[in-house]
2 protein chains.
Amino acid sequence: MITILAGGVGGARFADGVAKVSDPDAISIIVNTADDFDHYGLRICPDIDTVMYNLAGIADPVNGWGIAGDTRATLDGIAAYGEDPWFLLGDRDFSTHILRSAWLNKDIPLTSVIYFLRSRLGIASQILPMTDQPVATMIETADGTLAFQDYFVRRRQADDVTGVTFAGIENALPTEPATTALTHAALILLAPSNPIVSIGPILAIPTYRDALANRTSPTIAVSPIIGGKALKGPADRMLASLGHESSALGIARMYQGLIDGLVIDQQDADLAPAIEALGIRTLTTDAIMHDIPDRARFAAEVLAFGQSLKQAVPA
Amino acid sequence: MITILAGGVGGARFADGVAKVSDPDAISIIVNTADDFDHYGLRICPDIDTVMYNLAGIADPVNGWGIAGDTRATLDGIAAYGEDPWFLLGDRDFSTHILRSAWLNKDIPLTSVIYFLRSRLGIASQILPMTDQPVATMIETADGTLAFQDYFVRRRQADDVTGVTFAGIENALPTEPATTALTHAALILLAPSNPIVSIGPILAIPTYRDALANRTSPTIAVSPIIGGKALKGPADRMLASLGHESSALGIARMYQGLIDGLVIDQQDADLAPAIEALGIRTLTTDAIMHDIPDRARFAAEVLAFGQSLKQAVPA
């Protein structure tokens, strides 16, 4: 069994690649839920939906999020009623939010709701919310503390991030299936997602962090930073403003103690020795997923790297 | 000021006609809410929305309900998740349900929510829910008791109706603006709506029924039965199965004591003497609204009839 920790578009695309080159039934994806928020009275789970839509093969290929070819009549109607349509939601996409919200309001846990939704989308892999309790990433800036989507979407990541907290994390319980997926995995993969706001919330739940710290199977991260830059999103600037190094080496330092290997891009080959010196093995390759078929190429390389680490794992 | 009691498509079209031939600012429409129901976790108010969309000039001209040219991607998505899409809801239409539900969940009264929605649609007339408390029409049939939309939409009015009750009506308070609209009206109009399930719930609130019984201004009903048949919907069969006469005379008997005049179609001219014998004046005319411009023709005739009754009203 392969277990992936993911959040955001890069994580979803990576998980899709892994599902394309291995048995999708044997994949569990633990997804960040700290981006989730309530909007127009509906519960929106951007990272989970991005994973679902990518694995269902219906994601918008350009944006990475949302549904390919989706229309926008509902949001236009909401705007016509005078509400600010700052968070883009397509018509078909609304069906996800409406049903999820209806079921959550009946006290069905998010894990069960997502199980149902992903099954109906024909997805064989498990998509596991990191927790069933609400957690909310809060972004500290010179303008004050912002809700995550306010920072990320409404203000287009223009603010310098001076701090990040996860409201509610102290009450966020690990779920049974996510814990099992981590403790029973033959291979654990940290997707090329933002280490602070995508992987960070998952690792802020002690059970999961402990599972990685005490892992008995190879654990590999994929650097979301290539040549010092994030391919997508504000990870590079966020790392720098929070005192980390925006590089594959910076990523290695953040995950030190939790991973056995790091996949880095060929542009960062010169960083490999310093990463290896931290006790982290490296795979240097073309770490950019250039298109949908290329996700499979990249995932196959990562899985082969995992296989090669089987002997190297701490007992 | 003109106050209209309405429910359903016929009522909405009639209200639209009245608004076209008089000052729309001086019109209040008290609308049945006993058809309202929760669906996919959203609050749906079919009669209110039909009035709103007709007065906003955006109603589907064929169906009478829903929004002209609306698409169906959200409902298709809901169906793809395995839910039965038995109640048709368009994408733009969903914006109404989503915002209404969000506000109701914040404990904003339905009257205030509808004030906001109709204002944003550019509607000058007041659209007043009959109550802010939930009421649910229940239909008794040989197959047991059905929720109204189950009878009306899902089962296409195929059941013989053996009884009608309004669950929650004992806790339904009259609203301040609807009560004022009735007690201060210069003319009260009962739209050509189903007398049992559209006008019936409104009159089941004692304050409103008493306001009609003690009226000081002319009150006119428009018969929804022409030549013994309902133009739309199951009113004719429902009247018959509940022991009423499915005719303009049957309508007159049901409203006796509450109205001063009844508008009947020329096909029913022979019933006028019997109706007049009940102490109800009649206007016999072409009572079918043939198209959108014809709503204005018909409304103008009804208003002129109201004017002619000014002297005839009981003190």
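All of these numbers come straight from a predicted model, not from anything done at the bench. Protein chains get the first letters and strands the later ones, always in sequence-line order, with residue 1 at the start of each.
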Using a strict cut-off of less than 4.0 Å between a Lys/Arg side-chain nitrogen and an Asp/Glu carboxylate oxygen, indicate whether [X] and [Y] qualify as a salt bridge.
{"X": "B:Arg295", "Y": "B:Asp16", "value": "yes"}
{"X": "B:Asp159", "Y": "B:Arg155", "value": "yes"}
{"X": "B:Arg43", "Y": "B:Asp38", "value": "yes"}

Item to check | Best-contacting candidate, B:Ile78, B:Asp93, B:Thr71, against chain A by heavy atom pairs under 4.5 angstrom | outcome: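 Top count of heavy-atom pairs under 4.5 Å with chain A: B:Ile78.
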Could you check if a side-chain atom of [X] sits within less than 4.5 angstrom of a side-chain atom of [Y], using non-hydrogen atoms only?
{"X": "B:Thr131", "Y": "B:Asn171", "result": "no"}
{"X": "B:Gln149", "Y": "B:Phe87", "result": "yes"}
{"X": "B:Asp84", "Y": "B:Arg154", "result": "yes"}
{"X": "A:Ile2", "Y": "A:Leu189", "result": "yes"}
{"X": "A:Thr137", "Y": "A:Phe152", "result": "no"}
{"X": "A:Tyr151", "Y": "A:Gln157", "result": "yes"}
{"X": "A:Val31", "Y": "A:Met130", "result": "no"}

Item to check | Nearest atoms (heavy-atom pairs only) where B:Arg72 meets B:Leu89 | outcome: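 Taking every non-hydrogen atom into account, CG-O, 3.9 Å.
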Please check this pair: side chain of [X] against backbone of [Y], looking for a donor-acceptor N/O pair closer than 3.5 Å.
{"X": "A:Gln133", "Y": "A:Leu173", "answer": "yes"}
{"X": "B:Thr141", "Y": "B:Asp143", "answer": "yes"}
{"X": "A:Thr3", "Y": "A:Ala181", "answer": "yes"}
{"X": "A:Thr33", "Y": "A:Asp36", "answer": "no"}

Applying a heavy-atom distance below 4.5 Å, give me the residues of [range] that approach chain B, sorted by number.
{"range": "residues 113-125 of chain A", "answer": "A:Phe116, A:Leu117, A:Arg120, A:Leu121"}
{"range": "residues 46-61 of chain A", "answer": "A:Met52, A:Tyr53"}
{"range": "residues 96-107 of chain A", "answer": "A:Thr96, A:Ile98, A:Leu99, A:Ala102, A:Trp103"}

Checklist entry - Which residues, numbered in order, of residues 20-27 of chain B come under 4.5 angstrom of chain A by heavy-atom distance? => result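 Within residues 20-27 of chain B, no residue comes under 4.5 Å from chain A.
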Item to check | Selection from A:Gly41, A:Gly90, A:Ala80, A:Ala73 maximising heavy-atom pairs under 4.5 Å formed with chain B | outcome: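 Heavy-atom pair counts peak at A:Ala73.
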Checklist entry - Given B:Thr74 and B:Asp91, is the side chain to side chain donor-acceptor pair (under 3.5 Å) satisfied, shown in steps? => result CA-CA 6 Å; B:Thr74 305; B:Asp91 294 329; 3.0 Å; yes
Checklist entry - Does any donor atom in the side chain of A:Asp132 or A:Thr111 lie under 3.5 Å from an acceptor atom in the other side chain? => result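 Checked: A:Asp132/A:Thr111 side chains pair up, N/O donor to acceptor below 3.5 Å.
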